[in-house]
Amino acid sequence: MIDDFRRLDRELEKLRKKIKGLEDYKVSSEVFDKSTLLTLYYLANKGYIDILDGVIKTGKEANVFFGEGRDGEELAVKIHRVTTGDYKSFLKYIEGDPRFRDIKKSRRRVIYTWVRKEYVNLRRAREAKVRVPEAVAYRNNVLIMRFIGKDRIPAPMLKEYEMKDPEAMLEEILKQAGRLYRKAHLVHADLSEYNILVHRGRPVIIDLSQAVVREHPHADAFLHRDVSNLVRFFRDYVEITEEEVYGRITGGRAWNT
Ligand SMILES: Nc1ncnc2c1ncn2[C@@H]1O[C@H](COP(=O)(O)OP(=O)(O)OP(=O)(O)O)[C@@H](O)[C@H]1O
Ligand SMILES: [Mg+2]
């Protein structure tokens, strides 16, 4: 046991040398608990991450950091808290999804599954040519993806973005959401103006941890909610109904009221 701790400390010492910037944070220790540090250390040694520098966003369940890869490429590093935060609400999106049905239900396991789920969803969406961040790597509670933005400035959320042509923006979002549904066979399940970034004038869908396959028993209910969110946001700018949006995304299925 003592030896384990000594080994851990030695590894952590190496880690501190490995990832530039990590030391400078005054982030609460619950973000960088020892197991998270070890995970970052592992990812650094694999060559995925060189620099961790600055918080993009802190949240209840996860913090997103700015990072750089080996070749200076800009990264977003999403780190889920393992010691605090809600994880029970994740189960609703995990248990009905046949890809993840058989996982253990401890807090740590659920969170690790959550992170893996976001990784595979991002990959799957990208394969279907949906505009999502490119997933680079994941391990335990850490997900590394390409940074959406430029020169360390993250792209704004749709919520904060001043649209010049709302109709074209909605059109592009429907195209992306349609691909997600019809090609990737996924429902985002938290689609809103908060989880769409606008990069070079075009939408990028983010935050796919809760996205489920279409076979999930609540997939259609989640899709109805996503559609309602989009319509609520765009109603002020464009004349559009839930029926139309639902039909566009699903390729002609009828909206259930
Ligand atoms: N690839 C990325 N590039 C740039 N910024 C990103 C990227 N991914 C996430 N972000 C930023 O981090 C924020 C939170 O990310 P995300 O929505 O994935 O996490 P979350 O789980 O919703 O966090 P919370 O629970 O706090 O809402 C986003 O709103 C965005 O500003
Ligand atoms: Mg989000």
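All values below were derived from every heavy atom in this structure, side-chain atoms included, with hydrogens, water molecules and symmetry-related copies excluded.
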Do [X] and [Y] touch side chain to side chain, with heavy atoms closer than 4.5 Å?
X	Y	answer
I196	M157	no
R139	I144	no
P154	K57	no
R116	F100	yes
F222	Q210	no
V245	R248	no

Notebook entry, point to check: Going through the checks in order, is the side chain to side chain contact (heavy atoms under 4.5 Å, CB included) test met by N141 and Y112?
Noted result: CA-CA 5 Å; N141 58 325; Y112 290 2; 4.0 Å; yes
Is there a donor-acceptor pair under 3.5 Å between the side chain of [X] and the backbone N or O of [Y]?
X	Y	answer
D86	K88	yes
K46	A137	no
N63	I79	no
N140	T39	no
D226	A189	yes
R124	A184	yes
D207	N195	no
Q176	R131	yes
D71	E73	no
H216	E95	no

If you compare all heavy atoms of [X] against all heavy atoms of [Y], which two are closest, and at what distance to 0.1 Å?
X	Y	answer
G251	R182	N-NH1, 3.7 Å
G59	R81	O-NH2, 3.2 Å
A155	L197	O-CD2, 3.8 Å

Parallel, tilted or perpendicular: ring planes of [X] versus [Y], cut at 30 and 60 degrees:
X	Y	value
W114	F90	parallel
H224	Y246	tilted
Y237	F234	perpendicular
Y119	Y138	tilted

Any ion pair linking [Y] and [X] (charged N to carboxylate O, less than 4.0 Å)?
X	Y	result
E193	R232	yes
R235	E242	no
K78	E61	no

Next item on the list: Would you check, one step at a time, whether the test side chain to side chain contact (heavy atoms under 4.5 Å, CB included) holds for H188 with L208?
Entry: CA-CA 6 Å; H188 185 287; L208 270 81; 4.1 Å; yes
Item checked: Within 45° cone and under 6.0 Å: R214 NZ/CZ vs Y181 ring -> yes
I need the [X] [atom1] to [Y] [atom2] distance, nearest 0.5 Å.
X	Y	atom1	atom2	result
R179	L174	CZ	CG	12.0 Å
E68	L52	CD	CG	10.5 Å
L143	L43	CG	CG	9.5 Å

Check: Side chains of T36 and D33: donor-acceptor distance under 3.5 Å anywhere?
Finding: yes
Item checked: Over 12 foreign heavy atoms within 6.0 Å of OH, Y194 -> no
Next item on the list: Mind running side chain to side chain contact (heavy atoms under 4.5 Å, CB included) on V130 and L186 for me, showing each step along the way?
Entry: CA-CA 11 Å; V130 183; L186 288 172; over 6 Å; no
Note to self: Under the criterion side chain to side chain contact (heavy atoms under 4.5 Å, CB included), I'd like the reasoning laid out for W255 against T241: C-alpha separation, chi angles, the key distance, then a yes or no.
What the structure shows: CA-CA 10 Å; W255 169 262; T241 65; over 6 Å; no
